[in-house]
Structure formats: structure tokens, C-alpha cells
There are 2 protein chains.
Amino acid sequence: MQQEAKIFKALADDTRLRILALLLDVELCVCEIMAALELPQSTISRHLAYLRNSGWVLDRRQGVWMYYRLNNNEHLLVNEIIPLLTNHLAKKSAHTVALKKLRNFQKEQGHQAC
Amino acid sequence: MQQEAKIFKALADDTRLRILALLLDVELCVCEIMAALELPQSTISRHLAYLRNSGWVLDRRQGVWMYYRLNNNEHLLVNEIIPLLTNHLAKKSAHTVALKKLRNFQKEQGHQAC
DNA sequence: TGACCATATCCGCTTTAGCGGATATGGTTA
DNA sequence: TAACCATATCCGCTAAAGCGGATATGGTCA
């Protein structure tokens, strides 16, 4: 069951849950997540690497930017948990605050990439 | 989301998943879990305390024995995860081996309590 | 009451994991 | 090529968590 423990371990951290809550909606790049959560770049990057290694997200390079999105194809268990996260995390105030900061950041950027 | 992180943290350990896999079926006492998993008593007891504190199980004293069972009433999220655990853990060989050891132990005990 | 048993908690230890500033990497633009 | 930018990784540190033998607790039975 170490496989399953690994999947749940990724969810056993508040920062990673906040990142996942954002990625439930859309693909985002690192600087957008930084802006939404107001955490240092190394912290965000480290947690994203963790989520990638545990099968939760996929990344994609576009020029200088790295985009991260949910990985729906790796584990059945992950796929089954995703709807639960959607239900339980979306209503959290920590999430709505993060979403607002994300929108502000995107507005400041004037819709140019990242 | 610390509440949710706490719930998932309880699942982020192989030993606790093995304990929960057993409790998905039935209520068990500590010595039965020890026999099924072949782990020292302090280890089992510590993890059971962890599962109780994170809302996953309830305990009940019967004479000298402590019985543990799933807690279906604490968190909606827990309730929604339980069926996923049933699906994904029951087929694991680690679980079927543990179940066999549990049966053997119960047979040796000749159906007297624990 | 005292001996005994199941379980919980304590203890010292080791391992794991998180943090964030500093540095490395690797793609882009001039 | 060089300067620059976004991101990844390194590093030293601290806090959290797991381990299992030893001890404490609290219920039971004689």
C-alpha cells in the first residue's frame, strides 16, 4: 500500500492542497501560483516537484514558463479523489482568497503570458 | 484547509493504511490488529491513537480490551474516502496476508474474546 | 488487596520533511 | 555571444514523525 500512501502523502500538506485547489480549475504557471498563494518561489517549485513525483500533476514548458495541470491518467485512485477535492476545497476561504489574488495578478499582467 | 490536510495525513502512512484496511470490514481489538500486522504493541497503539485523533476511528472499551472501528460520523470527507479505500486496499496482497493472519489468530483463540 | 493482563504513554533515537535564501539551469532576446 | 528572466535545485537549518523497548495505567479475577 506504499503506492497509496504516497498518493495521500501528497495531500498531507496544507500548501500542496492549496496548489491543487487552484489546479482543479485550470492550468497555471509557477509565477501565477506564487502570486495566488504569496509564497516564495523555491517553496512553490519544491511542492510542484513533489506533486509531479507523486503523480498528481503534469508539467509543460512554454518558452521560459512552466505550466502545471492535473494528471488525470496516472492512477485510478487519484482520479477518484479529484472530485472530492473539488467539493471540499472550492468552498474554503483560503481558496477564494487565493483565487482573487490570482485574478488580480492576471489583470496586472494585462493578459500577456504569465 | 488544515482540517483536510489532517485527514489526509492520517492516510499518509503505510501502517495506518493497513490498519484501516482491516477496520473497513469489522471492529477489531488491539491484539487482533497486532496479530494481523505482526507489529509491536506500542506501534499499533500509537497509530490507533493517531487515527482516533484525526477522526478516522472510534474506540470502545470492553473489559480489558479496547475495540476500534471506523468513525462514519465525523467528517463528510472521511465518509466519501472510505469507499475509495475499500476499492483500492482490499485487493492488495499486503491486506489479504494480514486478513489470513487475523483469521489464524482468531481460530487459535477459539472464539473467546480477543 | 494483590497479581495479572491488555493497552496507553514515555523515552531516546533516527529519519523524514518543510522552510526560504542562494545558486544553478536552461530558454529567450539582442 | 551575453544579459536576462522564470524556474529548479542546493544548502543548512528546524520541526515533525516514526520506531520499539520500557514503563505507567486501569480493568479483572482470585
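Just so it is clear: chains get the letters A, B, ... in the order the sequence lines come, proteins before strands, and each one is counted from 1.
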Please give, in whole Å, the distance from [N] [atom2] to [X] [atom1]?
X     : N      : atom1 : atom2 : answer
A/M34 : D/dA6  : CE    : P     : 9 Å
B/I33 : C/dT7  : CD1   : C1'   : 12 Å
B/E32 : C/dA6  : CD    : C1'   : 13 Å
A/Q2  : C/dT16 : CD    : P     : 12 Å
A/M66 : D/dA8  : CE    : C1'   : 9 Å
B/L51 : D/dA17 : CG    : P     : 14 Å
A/W65 : D/dA8  : CH2   : P     : 14 Å
A/L28 : D/dA6  : CG    : P     : 16 Å

Could you see if [X] belongs to whatever hydrophobic cluster contains [Y]? Use Ile, Leu, Val, Met, Phe, Trp, Tyr and a side-chain cutoff under 4.5 Å.
X     : Y     : value
A/L20 : A/Y50 : no
A/V97 : A/L99 : no
B/L24 : B/V78 : yes
A/L17 : B/L84 : yes

**Request:** Take nucleotides 23-30 of chain D nucleotide by nucleotide from the 5' end and write B, S or -, depending on whether a protein heavy atom sits under 4.0 Å from the base, only from the sugar-phosphate, or from neither.
**Result:** ----SS--
**Message:** Could you check whether any side-chain N or O of B/W56 sits under 3.5 Å from a backbone N or O of B/I7, counting only pairs where one atom can act as donor and the other as acceptor?
**Reply:**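 Answer holds: yes.
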Min side-chain heavy-atom separation [X]-[Y] under 4.5 Å:
X     : Y      : value
B/L28 : B/Q106 : yes
B/D13 : A/F8   : no
A/L37 : A/T43  : no
B/H88 : A/L76  : yes
B/M34 : B/F105 : no
B/M66 : B/L48  : no

Using a cut-off of less than 4.0 Å, is there contact between a side-chain N or O of [X] and OP1 or OP2 of [N]?
X     : N      : result
B/S45 : C/dT7  : no
A/H47 : C/dC19 : yes
A/Y50 : D/dT9  : no

**Prompt:** Does the side chain to side chain contact (heavy atoms under 4.5 Å, CB included) test come out yes or no for A/E74 and A/N79, once each step is laid out?
**Reply:** CA-CA 8 Å; A/E74 186 109 355; A/N79 266 10; over 6 Å; no
**Item:** Nucleic acid contacts - residues 7-26 of chain A versus DNA chain D, non-hydrogen atoms under 4.0 Å
**Value:**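 None - not one residue of the stretch has a heavy atom sitting under 4.0 Å from the strand.
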Please list, pair by pair, any protein nitrogen or oxygen found under 3.5 Å from a nitrogen or oxygen in nucleotides 10-12 of chain C.
none

**Message:** Of the listed nucleotides (D/dC19, C/dG21, D/dT7), which one gets closest to any side-chain atom of A/C31?
**Reply:**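 When the side chain of A/C31 is considered, D/dT7 is the closest of D/dC19, C/dG21, D/dT7.
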**Request:** Among D/dC19, C/dG20, C/dT7, find the nucleotide with the atom closest to the side chain of A/T43.
**Result:**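 Nearest listed nucleotide: C/dG20.
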